[in-house]
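The structure under discussion appears below in the form of structure tokens.
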Amino acid sequence: MYKFIQQCRACGDPAVKLVPVFDLGVQPLANSFRTKDEEQSGYAPLKVLFCEKCSLAQLSVVVDPVILYQHYTYETSKSATMRLHFQNLWDCIRAHGPHESVIEIGSNDGDFLMHASRNGAASVLGIDASENFSRVARLRGINTLFGILDDYTADMASRAIPKADVVLARHVFCHADDWQKFMRNIDTMANRETLIVIEVPYAGDTIKRGEFDQIYHEHLSYLGFKAMTALLEPTPFRIHSVRRFSVHGGVVAFFIRRRDFGGEPFPDSVAIAESENITVDDWCRLAVHARQEIDALRGRVAALPGSAVVGGYGASAKSTVWLNACGFSKRQVRFVTDTTPSKIGRLIPGTEIPVLAESAIKSEHPDCMICFAWNYKREIIEKEAEYLSNGGQFIFPHEP
Ligand code: TYD
């Protein structure tokens with residue numbers, strides 16, 4: 001079901017020993033929501049190893065992607081926060097030059113490409129490993145190839161859009177095991193002028209903000225500028241510029257060009273890369289902080305009156321991490337609400353806690369909701385003003 005990694009995925013140096021820095025033991029796969037009649041599909045170690053040479057942190061195991069993605073439920077959020085982010089990212093892409101044709105790897109239900117095609121892109125193509133989301137995207141008018149990024153889909157995409165102005169990979173890059181292969185397939189789709197945009201959660205933010213709940217089996221790597229630079233070294237590409245955004249607890253978009261594209265990389269990118277200093281100690285501090293946050297949440301729930309009805313808000317992958325790390329069952333957390341149709345009616349992985357529709361915040365009369373979608377805090381507080389004004393309470397286990 002999983003394999004152990006042998007060497008750093010970014011610098012690939014076989015002589016460098018990877019240092020264990022974070023360990024939550026054996027955990028269920030964070031998005032393996034199952035029905036009551038189904039068995040939990042699998043557990044794997046959740047342990048992070050750090051490369052002292054290029055500062056990439058990476059999981060000790062790679063779960064078989066077929067198991068991880070066969071019934072994928074993650075749907076690009078339709079929240080106002082994400083709409084604004086799409087706009088900001090698209091504005092940045094446009095500012096870099098031509099943007100008429102766009103290929104997106106991991107296009108999910110086609111949301112970003114819809115935004116792009118409404119705002120200046122004349123031809124767009126998605127590639128996505130989820131059969132159901134590829135179908136949804138096609139029904140929405142977004143041409144989508146079903147499959148992971150491999151030699152075949154890269155070749156198909158390059159035939160469909162031979163001169164892509166932009167090749168984009170949002171939040172799919174850290175799900176990939178073989179980065180050199182990933183870059184080779186991007187190479188197939190890119191010509192000299194193509195702008196490549198790779199957006200990932202920024203490891204510097206994960207550490208600084210103590211976001212241990214970003215660590216789960218789908219996120220194989222926790223990436224910063226140094227690791228990205230090391231990874232690109234043997235490829236025809238280099239970082240041209242970078243831009244950080246606050247969504248998802250802090251992300252970075254790398255704008256990458258071919259080395260023969262000409263021009264110098266933006267000086268600010270070089271400065272950021274050089275000033276970054278992520279160390280083993282930072283990761284060890286995150287591990288200590290995680291234990292403290294887990295104990296604090298356990299303590300806050302235990303301190304509530306026995307009669308209190310406690311729910312969870314947002315069946316995010318983060319909710320699986322929290323609920324399992326805290327060892328909560330239905331006795332402590334009766335349900336978790338979510339807006340995603342494919343999660344509703346299922347159980348939080350590793351628990352018997354059901355996922356209910358958003359309306360449960362009214363029908364179940366919870367005294368307290370633990371918010372596992374803390375990255376949408378502002379939006380959620382506004383949306384649930386009525387619940388709060390009626391005496392309801394939110395616990396934010398992690399403060400953004
Ligand atoms: P998200 O933070 O996007 O991702 P991850 O699974 O990577 O941790 O997930 C947020 C979840 O919260 C998603 O399933 C949708 C849900 N959600 C709500 O139920 N209500 C809301 O108002 C918002 C903003 C999100």
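The residues of the chain are indexed from 1 along the displayed sequence. Counting starts at 1 for both ligands and their atoms, in listed order.
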Given that the side chain starts at C-beta and the backbone is N, CA, C, O, which of these parts of Thr340 lies under 4.0 Å from ligand 1, counting heavy atoms, or is it both or neither?
side chain
Would Arg257 pass as a cation-pi partner of Phe261, given that its NZ or CZ must be under 6.0 Å from the six-membered ring centre and within 45 degrees of the axis?
yes
Can you figure out which of Arg378, Lys318, Glu382 has its heavy atom closest to atom 8 (O) of ligand 1?
Lys318
Ligand 1 to Tyr216 polar contact by distance, N or O atoms, under 3.5 Å:
yes
Atoms of ligand 1 less than 4.0 Å from Gly314 heavy atoms?
12 (O)
Phe173 ring center within less than 6.0 Å of Phe254 ring center:
no
Using a 6.0 Å distance limit plus a 45 degree cone around the ring axis, check whether Lys377 lies over the aromatic ring of Phe396.
yes
Quick one: which residue pairs count as a side chain to side chain donor-acceptor pair (under 3.5 Å) with a foot in residues 294-303, not counting sequence neighbours?
Asp295-Arg298
When you compare ligand 1 with His248, is there at least one nitrogen or oxygen pair between them that comes in under 3.5 angstrom?
no
What I want to know is whether Asn375 and ligand 1 share at least one N or O pair that is separated by under 3.5 angstrom.
yes
So that I can tick it off, tell me whether Arg285 and Asp281 are bridged by a salt bridge, with the cut-off set at under 4.0 angstrom between side-chain N and carboxylate O.
no
May I ask whether Phe372 has any heavy atom positioned less than 4.0 angstrom from an atom of ligand 1?
no
Is it the case that ligand 1 has an N or O less than 3.5 angstrom from some N or O of Ala317?
yes
Just jot down the ligand 1 atoms closer than 4.0 angstrom to any heavy atom of Tyr313, in number order.
20 (N), 22 (O)
Against heavy atoms of Ala373, which atoms of ligand 1 measure under 4.0 Å?
12 (O)
Nearest heavy atoms of Met82 and Val247, plus distance in Å
SD-CG1, 4.3 Å
If Ile, Leu, Val, Met, Phe, Trp and Tyr residues are connected whenever their side-chain heavy atoms lie under 4.5 Å apart, and connections chain through other members, are Ile148 and Leu220 in the same group?
no
If you count the atoms of ligand 1 from 1 in the order shown, which ones are under 4.0 Å from a heavy atom of Lys383?
20 (N), 21 (C), 22 (O)
May I ask whether Lys343 places a heavy atom under 4.0 Å from ligand 1?
yes
Keeping to residues at least two apart or across chains, list the salt bridge (Lys or Arg N to Asp or Glu O under 4.0 Å) pairs with something in residues 37-47.
Glu38-Arg346
Is there any N or O on Asn31 that sits under 3.5 Å from an N or O of ligand 1?
no
Single hit among Leu59, Leu56, Leu223 for side-chain contact (heavy atoms from CB on, under 4.5 Å) with Arg9:
Leu56
